[in-house]
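Counting begins at 1 with the first residue of the sequence.
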Amino acid sequence: MVDAFAYVPAVVLLPFFSFLVALGAGKYLPKGGAFGGIAATAGSFLLSLWIAATVAGGRAYNETLYTWAGGDQFELTFGALVDPLSALMLVIVTLVALLVHVFSLGYMNDEGETGLPRYYAGLGLFTASMLGFVVADNLLMAFMFFELVGLCSYLLIGFHFREPGPPSAAKKAFLVTRFGDYFFLVGVVAVFATFGTAAFAGEGSFPALAEAALAADGGAGVWTPGGLDVGTWFTVVGLLVLGGVVGKSAQFPLHTWLPDAMEGPTPVSALIHAATMVAAGVYLVARMYGFYALTPTTLAVIAFIGGFTALFAATMGVVKDELKQVLAYSTISQYGYMMLALGAGGYVAAVFHLTTHAFFKALLFLGAGSVIIAMHHNEDMWDMGGLRSRMPVTYYTFLAGSLALAGIFPFAGFWSKDEVLYEALVHGLNEPLLLGGYVMGLLAVPVTAFYTFRMVFLTFHGEPRTDLAEDPEPVRWNVKGPLTVLGTLAVVTGFINMVPVQKVLGLEGIDYLHRWLDNEWGGIAGLSSHHYADIGPYSSGSLVGGEVGTVLVGAAVSLGLALAGLGLAWRLYNVASPAEHTAKLGGIKDVLYNNYYLDELQVWIAYRTEDVAGGADVFDQGIIDGVVNGVSSVSLAGGSRVRRIQTGLVSQYAAMLTLGLIALLVLVGVNGGWFL
């Protein structure tokens, strides 16, 4: 009988082969090799479904495939780890990548569009890199694919490199995320130095060793620098790896690259935001959660960063005028919710929101792409309006994604965001830092609903405000098909984990995602994936009115705030000729529109760092090197003088010996009185 796990490498290699084909022979193939990419991602998707079905039966796969370096202390290997978490992520990545490839047939179809082989090669390598990252069985391998994902984003964001904006945005994305990756790399080295292994799973994995070390007196069995306390050192290691997560998942303060990344083609934006680059950071924390659950300080930092980012990014989305810019800030905000859940002990809630977000955010970006096609690549929402009747498929699918993003019942985002806030609330009752994250996450709910439906009403409702909106370009099946699939998922995906319904009605067995992640290999990272609060650093606290009461009150407050934000947007923008009400914010709008001037601050810091480096260079060369060179110059000068008597002529050496002997005799004779 053929085992599905035998094809785990093929899931990664199929998109990689499509990359090679498009790169090498794309110019000879229809659409630049698009159909090869579609076939490859479709094959990976079908294999991922087969693998997921195998995992559902209680099996898992954890094998070393290749050892590329080894020594007495540790080995460096490539391997594959497929458990419930990675099996779910394989399905998400391959499905979104497949739909993006299909959508690209319609989007990248402009007359005069060049570089299609390069585009489809980039998509193939991007997909393969993310899939390699998902199945990586150790932290070093994950880091390598993590960097490949970053490289692919650089190549695809800067696809239209002949224009001024995309190359600059690509460099910014590369440099900002690299800054976080420096900390990640140091964290990888620290993991090897501490544990001698970087494996994610098994008895000898670093999460299992960390748990054992904390359980042992004095942290026996692991190395710490300078005899540092084990718990403190584990926190440092966790924060180092977190640097890479903050960069890739665009969390404050390394979020500034993501809005600029909208310079890339819209299908690339969908892939980056929904299933690859930005998802990679959150997935890494989930993959390492057995380690992070042992370090409460790190989790508290993760939760606070997430809650702050959710609110911080949402405020900027309120004033943006370009369709993709609004979606970019919504992505930053939504990944903040995922980080909040992870930091609050809500592992399943974070994975749930990662899943639902992948579908409704891919839908919104591809829907925006459909609008951009119709508007001849004009992205300004104030030039749109009235597209609802002219683009019904795009409108209704986009509306489904918007309702999911805003957290409106019963769409997917309501279920996952509600569980995130629930976990943050019940664990934050005894943890002030987590409670602060919950409050910020809750405040972001009405802001999210407001900017989401401001976008919907400005784009689709009212009367057309330009000739382009009056007569939009029609879109074809290759655009409508992916939108229909994702629109359906935006409606139904929330039903995979109806925890509120289960708690309120006392039903069993409808928390499907909890059950999925809690099967026989649910504890592969060293801990049970079902409510980490049971064995992690947090307790549930004293629930107001009991668990059911907390669920009902929390859901009602969250939904009420979302409806309030939607209602405000309805009143202000669901009119025939909307006005720019955000102008009434005055100077606050300028601050929000300019992203709190953080880009300028980062540039200023970069220049000041350059000044400090220049001063250090002057000090090094003028003072440190000056002293060393001064001492050496004395020696060199003395040596150059003495060197003059070393001529190599025997007659001169004889004369010098004779003169020396005479001088010696005279000196001795004078002192001895010979000449008196």
Side-chain angles (χ1 to χ4, degrees), residues 19 22-23 26-27 31-34 37 97 100-101 103-127 129-130 147-179 247-248 250 254-278 280 320-329 331-332 361-362 364-366 368-373 375-381 594-595 598-600 602-603 606:
F19 153 71
L23 193 66
K27 62 182 180 180
K31 300 289 185 180
V100 165
H101 273 79
F103 185 90
S104 296
L105 288 175
Y107 190 88
M108 305 295 290
N109 197 34
D110 291 348
E111 292 184 11
E113 183 71 78
T114 59
L116 287 181
R118 177 165 48 88
Y119 173 80
Y120 287 108
L123 285 186
L125 184 59
F126 206 0
T127 304
S129 299
M130 186 62 189
E147 296 306 294
L148 267 177
V149 167
L151 172 64
C152 294
S153 69
Y154 165 78
L155 296 173
L156 287 168
I157 292 169
F159 174 73
H160 293 112
F161 62 90
R162 293 179 178 85
E163 302 173 9
S168 177
K171 287 185 287 186
K172 183 177 181 180
F174 193 81
L175 293 174
V176 172
T177 56
R178 288 296 76 66
F179 181 79
K248 281 291 192 296
L254 301 183
H255 65 282
T256 53
W257 67 270
L258 192 59
D260 289 33
M262 298 304 96
E263 293 284 354
T266 302
V268 171
S269 300
L271 196 57
I272 288 176
H273 289 243
T276 53
M277 177 88 161
V278 194
K320 298 301 178 181
D321 296 327
E322 294 186 0
L323 197 55
K324 287 171 62 177
Q325 284 287 312
V326 176
L327 294 176
Y329 283 101
T331 296
I332 299 171
K361 186 50 61 68
L364 289 171
F365 266 107
L366 296 186
S370 177
V371 171
I372 291 169
I373 294 171
M375 294 292 295
H376 296 278
H377 292 269
N378 183 351
E379 300 181 23
D380 192 334
M381 295 184 295
N594 289 285
N595 312 324
L598 283 176
D599 290 282
E600 289 78 2
Q602 289 182 350
V603 171

For Trp257 and Lys248: C-alpha separation, side-chain torsions, deciding distance, then whether side chain to side chain contact (heavy atoms under 4.5 Å, CB included) applies.
CA-CA 10 Å; Trp257 67 270; Lys248 281 291 192 296; 5.9 Å; no

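- At least one donor-acceptor pair under 3.5 Å links the side chain of Ser153 to the backbone N or O of Gly150.
- Here the side chains of Gln602 and Phe179 are not in contact, with every heavy-atom distance at 4.5 Å or above.
- Atom CZ of Arg162 sits about 5.0 Å away from atom OG1 of Thr114, to the nearest 0.5 Å.
- Looking at every heavy atom in both residues, Pro117 comes nearest to Gly26 through CG-C, 3.6 Å.
- Taking both residues in full, the closest heavy atoms of Ala22 and Ala121 are given as CB-N, 3.7 Å, listed atom of the first, atom of the second, then distance.
- Between Tyr329 and Asn595 there is a side-chain heavy-atom pair separated by less than 4.5 Å.
- Side-chain atoms of Glu379 never come within 3.5 Å of backbone atoms of Ile372 as a donor-acceptor pair (strictly under, hydrogens ignored).
- The shortest heavy-atom contact between Gly115 and Phe159 is O-CE1, 3.2 Å.
- Contact check for Leu271 versus Met130: no side-chain heavy atoms found under the 4.5 Å cut-off.
- Residues Phe126 and Thr276 come closest through the heavy atom pair CZ-OG1, 3.3 Å.
- Distance NZ/Lys361 to CD1/Ile272: 13.0 Å, rounded to 0.5 Å.
- Side-chain atoms of Phe103 and Met108, non-hydrogen and from C-beta on, never get closer than 4.5 Å to each other.
- Residue Val371 is tested with Leu366, Asn378, Leu323 for a side chain to side chain contact (heavy atoms under 4.5 Å, CB included); the sole match is Leu323.
- Annotation: side chain of Pro167 is not in contact with side chain of Glu263 (no heavy-atom distance under 4.5 Å).
- Taking all atoms of both residues into account, the shortest heavy-atom contact from Leu327 to Ala368 is CD1-CB, 3.9 Å.
- Side-chain contact check for Leu258 versus His273: some heavy-atom pair is nearer than 4.5 Å.
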Side chain to side chain contact (heavy atoms under 4.5 Å, CB included) assessment of Phe161 paired with Arg118:
CA-CA 12 Å; Phe161 62 90; Arg118 177 165 48 88; 3.4 Å; yes

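- Here the CD atom belonging to Gln325 is positioned 11.5 Å from the CG atom belonging to Asp380, to the nearest 0.5 angstrom.
- The distance from the CZ atom of Phe19 to the CG atom of Leu123 is 12.0 Å, given to the nearest 0.5 Å.
- Taking 4.5 Å as the limit, every side-chain heavy atom of Lys172 sits out of range of all side-chain heavy atoms of Ile157.
- Atom CG of Leu151 is separated from atom OG of Ser129 by 7.5 Å, given to the nearest 0.5 angstrom.
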Determine whether Leu598 and His255 satisfy the following criterion, side chain to side chain contact (heavy atoms under 4.5 Å, CB included), listing intermediate values before the conclusion.
CA-CA 10 Å; Leu598 283 176; His255 65 282; 3.4 Å; yes

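- Looking at every heavy atom in both residues, Lys324 comes nearest to Gly264 through NZ-O, 3.0 Å.
- Taking the centre of each ring, His101 and Tyr119 stay at or above the 6.0 Å mark.
- Of the inter-residue distances, the one linking Met277 atom CE with Thr331 atom OG1 reads 12.5 Å to the nearest 0.5 angstrom.
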